[in-house]
Amino acid sequence: TRAVAKGDLDLRLPLTSHDEMGFLVHSFNDMTKRLRRAREDQQLAQQSAESERANLAIILARLSTGVVSLEPDLRVRTANRAASMILGEDVEEAVGERLGELGDKDSLLNLFSQECLARIRAGNEEWREQFTFQAASGQRVLMCACTPLPGEANEPGGYVLVFDDITVMLRAQREAAWGEVARRLAHEIKNPLTPIRLSAERMRHKLMPSLEGQQAVLLDRGTETIVQQVEAMKEMVNAFSEYARAPRFEMAPVNLNRLVAEVTELYRGQDPARRIRIRVALDPAASTLVADQGRLRQLLHNLLTNAVEALEGRPGGEILVSTRAALHDDEAVIAIDVEDNGPGFQRDLIGQAFDPYVTTKAK
């Protein structure tokens, strides 16, 4: 028995008689045999569990979905690498910390943990929600699900949070939807334009010989206006339909500083009272680049128009347009800044600034 107590389960006693002592020896040998089998089964089960745990760890490490498990007291138990990549901080280093106290204030990790903590404390142990956060890196949209882990006596053994960053996917869906809308609208608007133009030309051709003087001039001017405006509408529709397909760039060397000077001079001319002061700061090292000059001009017009409209009704309005040579990820780039002293962007609008027709203006 002392040998068995020390773990020697291979011990077998010799059976020397068939009396009560022999029965006891037989029972002892049977007990050690059962203990040995139980230990072997336990070792196999432990090896299997460790193998499953290792496989699960590999799977979690390779997942692009963030997974964070919590203790019953809402301390972080485990976190995979994807959770750190999505939330922008090393969540694996936060093991042992309480949910709601993770990350710096207003960081994506902190905002995310606060939202999850609020739902769990409200009694929502199993839920699935979409969160929109305005973090320092911009607007981020996360799809998160929470599930309680099994415990004892009907008490949860903790929780597991599973989440994905769907920001890019939603943006792609919006752009695809806008592209489809643009394509359909362009098609429907262009259909009646040709009959309108043909009808106007037919009216002029049929009626002009029978009219004289002022009536002939009026008919000629009216039909000519219709034809011109139909062509202008066609051009607008074609430009609108370009949103539905990838832009075709016409790349060529461009003198950026000269282009900026030309565009800003137009805006000075539109405001003879000089209610808005437009200043230009051009870096000679940023003069030449290869780009699509037409789209670059359109870009500058859009930015300056927005700046002018943002300064409407504000005294002392000022716009600064500057160019400068810079480095970005060790690559030589040219930066163009259009800065005004207006009210600036609303914080909750930053993430949608590049969506079509997003504005806070009345029209």
Side-chain angles (χ1 to χ4, degrees), residues 7 35 37-172 348 351:
L35 286 173
R37 287 178 179 173
R39 184 173 67 178
E40 290 173 353
D41 291 343
Q42 182 186 7
Q43 289 174 342
L44 288 174
Q46 186 175 355
Q47 291 174 0
S48 177
E50 290 176 354
S51 176
E52 289 295 328
R53 189 180 294 112
N55 291 338
L56 182 60
I58 293 173
I59 293 171
L60 287 176
R62 297 297 183 269
L63 279 178
S64 60
T65 299
V67 181
V68 175
S69 64
L70 306 173
E71 301 285 0
D73 62 354
L74 302 184
R75 293 181 184 274
V76 176
R77 181 188 297 166
T78 61
N80 68 344
R81 193 180 308 160
S84 302
M85 294 178 64
I86 293 173
L87 298 175
E89 295 185 45
D90 194 347
V91 188
E92 296 170 275
E93 290 292 324
V95 170
E97 296 184 24
R98 287 187 179 277
L99 190 67
E101 301 175 358
L102 306 178
D104 299 329
K105 187 178 180 181
D106 294 333
S107 67
L108 181 58
L109 174 57
N110 184 261
L111 296 172
F112 172 77
S113 64
Q114 292 285 355
E115 290 287 347
C116 295
L117 179 64
R119 279 152 183 78
I120 295 175
R121 282 185 172 171
N124 300 327
E125 294 184 346
E126 189 164 358
W127 46 267
R128 179 181 178 85
E129 286 195 38
Q130 178 177 308
F131 298 141
T132 301
F133 301 111
Q134 193 62 49
S137 58
Q139 189 182 64
R140 301 283 294 279
V141 183
L142 305 184
M143 178 62 73
C144 181
C146 175
T147 303
L149 296 172
E152 297 179 358
N154 296 324
E155 291 293 328
Y159 304 89
V160 61
L161 301 172
V162 181
F163 51 94
D164 263 313
D165 188 345
I166 60 172
T167 310
V168 176
M169 182 187 72
L170 291 179
R171 186 182 300 128
D348 57 355

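For this chain, numbers begin at 1 and follow the sequence in order. In this text, all values refer to a predicted model and were calculated from it rather than measured experimentally.
Residue pairs meeting the side-chain hydrogen bond (donor to acceptor under 3.5 Å, both in side chains) criterion with at least one member in residues 108-124, sequence neighbours excluded, are Glu115-Arg119, Arg119-Glu129.
Contact annotation: the side chain of Leu142 approaches that of Leu87 to within less than 4.5 Å [non-hydrogen atoms, C-beta and beyond]. Within the 4.5 Å cutoff, no side-chain heavy atoms of Phe133 are placed close to those of Ser107. The side-chain heavy atoms of Glu89 and Leu108, taken from C-beta on, include no pair separated by under 4.5 Å.
The aromatic rings of Phe163 and Phe112 sit tilted relative to each other, their planes meeting at an angle between 30° and 60°.
In this structure, Glu40 CD and Gln43 CD are separated by 7.0 Å, a value rounded to the nearest 0.5 Å. One finds the OH atom of Tyr159 at 9.5 Å from the CG atom of Leu149 (value rounded to the nearest 0.5 Å). For the atom pair CZ of Arg75 and CG of Leu70, the computed distance is 11.5 Å after rounding to the nearest 0.5 Å. Atom OG1 of Thr65 is separated from atom CD1 of Ile86 by 6.5 Å, given to the nearest 0.5 angstrom.
In the displayed structure, Gln42 atom CD is contacted under 6.0 Å by at most 12 heavy atoms of other residues, nucleotides or ligands. Open room surrounds CE on Met85; 12 or fewer heavy atoms of other groups in view lie less than 6.0 Å from it.
At distances below 3.5 Å, not a single donor-acceptor pair connects side-chain atoms of Asp164 with backbone N or O atoms of Ile166. Without hydrogens or angle criteria, Thr167 side chain to Arg140 main chain gives no donor-acceptor distance under 3.5 Å.
Every residue was checked against the salt bridge (Lys or Arg N to Asp or Glu O under 4.0 Å) condition with Glu97, not counting sequence neighbours, and none meets it.
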